[in-house]
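Encoded as structure tokens, the structure appears first; notes follow it.
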Amino acid sequence: MTVAIIVHGGAKTIAEHKAKANTTGCLAAVKAGWTVLQQGGNAKDAVEAAIRVLEDDPTFNASIGATLDVEGHISLDAAMMESKSLQWGGVAVVNRVRHPISVARKILEEKPYLLVADSAERFAAEHGCEMCEPNKLISMEQRQEWEQEKQPQDRPATVGCVAMDIHGNLAAGTSTGGIAQQPPGRVGDTALVGAGLYANSHGACSTTGDGESIIPVVLAKTAVDLLVDDTSGANGSSSQHPEQAAQMAIDILHQQVPGEAGCILLDCQGRIGWAYNSQDMAVAYMTSDLDKPAVFTRKQEESRVGKAAS
Ligand code: ASP
């Protein structure tokens, strides 16, 4: 059975001097998730392990390094979903939890809720999740960006991961600090099943980009649905390659709404796809067919960097 994992570090513009930090971070995340899968761990464990690495890295807009809202506070959202049970869990508008993805995972295991603000933090504390002071999650760079009241040059963006384990179960997870200068209490797509993530028996997807554009096209569910190509073959549906399905989903978004977005997509055969309409999107992946993980900051680099990272 194929096992596979793919992570993203957000649809955004990556300044040249930030490229290395983005690839290093994504590579570390994919390795963490891959180790879990290799040891026979399940897809949810792998997604959680990978996203925790990205949440620890101030290069990315999730937990440490989260962007600040208009009042100078952070507000974190995260969610996880798995394919076999269709169970999911999410948190939004939290700033006292160290790893929002782990809280979402715990909710998934209990009951499919999207818990927000105080009640999410209470759940986290009661379930032994690591708590922290909000200030500990604010990076120097994000504080400076906010003080200068400017949009970051390379907009920090959401992180996500999709994995398939040895049993063929798929999981998707996404974690974000939202968008820079957002109004307090704003919740984007990240914690919304169907928009920020989705997983079913056909595949799993994690998205990134402008939540206000991702939500109306239900981007993650749209991408997963496109894996099933109803138009081909006289006998009904056949499966479309995730590479094509991901691109079609981004094209649909692009045709219907303004804004930037990206998605990573894995099908039930462990095949990988990703697409975006931003300038860059850091992505790393590993499958049973590869010798070592591949990592990119741009798609056209695939032929060059696709020879895999050291
Ligand atoms: N999708 C996230 C949000 O709208 C932001 C991002 O992916 O950069 O909250």
Side-chain angles (χ1 to χ4, degrees), residues 1-11 26-27 29-38 41-51 54 79-88 101 105 108 158-175 193-208 218-229 238-250 261-276 281-290 293-296 299 302 306:
M1 167 66 82
T2 306
V3 293
I5 183 165
I6 177 166
V7 305
H8 72 75
C26 284
L27 211 44
V30 96
K31 282 178 179 168
W34 184 248
T35 303
V36 170
L37 292 174
Q38 272 191 311
N42 67 43
K44 290 176 291 184
D45 290 336
V47 166
E48 183 179 355
I51 291 185
L54 295 165
M80 192 187 286
M81 181 171 188
E82 75 163 336
S83 65
K84 278 207 172 135
S85 63
L86 293 182
Q87 278 179 326
W88 61 275
I101 195 65
R105 162 78 191 272
L108 177 158
T158 302
V159 303
C161 176
V162 179
M164 187 170 94
D165 63 32
I166 191 125
H167 306 292
N169 199 12
L170 293 134
T174 314
S175 179
V193 164
L197 74 165
Y198 197 73
N200 68 14
S201 56
H202 299 296
C205 179
S206 166
T207 72
T208 166
V218 206
L219 185 62
K221 177 69 160 61
T222 297
V224 171
D225 284 350
L226 286 163
L227 290 170
V228 184
D229 179 6
S238 66
S239 82
Q240 182 141 255
H241 196 284
E243 198 61 31
Q244 213 177 337
Q247 188 57 57
M248 284 167 75
I250 295 300
C263 65
I264 53 173
L265 184 61
L266 197 57
D267 74 2
C268 56
Q269 300 173 48
R271 298 182 302 176
I272 274 168
W274 51 295
Y276 56 94
M281 185 165 89
V283 163
Y285 60 77
M286 181 67 187
T287 74
S288 331
D289 301 333
L290 293 175
V295 62
F296 318 93
K299 195 113 197 193
E302 183 149 16

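Bear in mind that the values here come from a model prediction, so they are computed numbers and not experimental data. In what follows, every heavy atom counts, from backbone to side chain, and hydrogens, waters and symmetry copies are set aside.
- Legend: residues meeting side-chain hydrogen bond (donor to acceptor under 3.5 Å, both in side chains) with Asn200, ordered by chain and number and at least two apart, are absent.
- Residues satisfying the side-chain contact (heavy atoms from CB on, under 4.5 Å) criterion with Ser201, sequence neighbours excluded, are absent altogether.
- Residues satisfying the side-chain contact (heavy atoms from CB on, under 4.5 Å) criterion with Ala246, sequence neighbours excluded, are Cys263, Leu265, Ala275.
- Looking at Ile5 and Val47, their side chains never come closer than 4.5 Å, going by heavy atoms from C-beta outward.
- The two residues Ser83 and Asn169 have their closest heavy-atom pair at OG-OD1, 2.8 Å.
- Side-chain N or O atoms of Gln240 include one that pairs as donor or acceptor with a backbone N or O of Leu226 at under 3.5 Å.
- Every residue two or more places apart in sequence or in another chain that forms a side-chain hydrogen bond (donor to acceptor under 3.5 Å, both in side chains) with Thr207 is listed here: Asp189.
- In this structure, Thr174 contributes its side chain and Gly196 its backbone to a donor-acceptor pair below 3.5 Å.
- A side-chain contact (heavy atoms from CB on, under 4.5 Å) with Val162 is found for exactly one of Val7, Ile6, Ile272, namely Ile6.
- Not counting sequence neighbours, the partners of Ser85 by the side-chain contact (heavy atoms from CB on, under 4.5 Å) test are Glu82, Gln87.
- The minimum heavy-atom distance between His241 and Arg271, with the atom names listed, is CD2-NH1, 3.7 Å.
- Residues forming a side-chain hydrogen bond (donor to acceptor under 3.5 Å, both in side chains) with Asp165 (at least two apart in sequence, or on another chain): none.
- Scored by the side-chain contact (heavy atoms from CB on, under 4.5 Å) test, Gln38 finds Trp34 as partners (sequence neighbours excluded).
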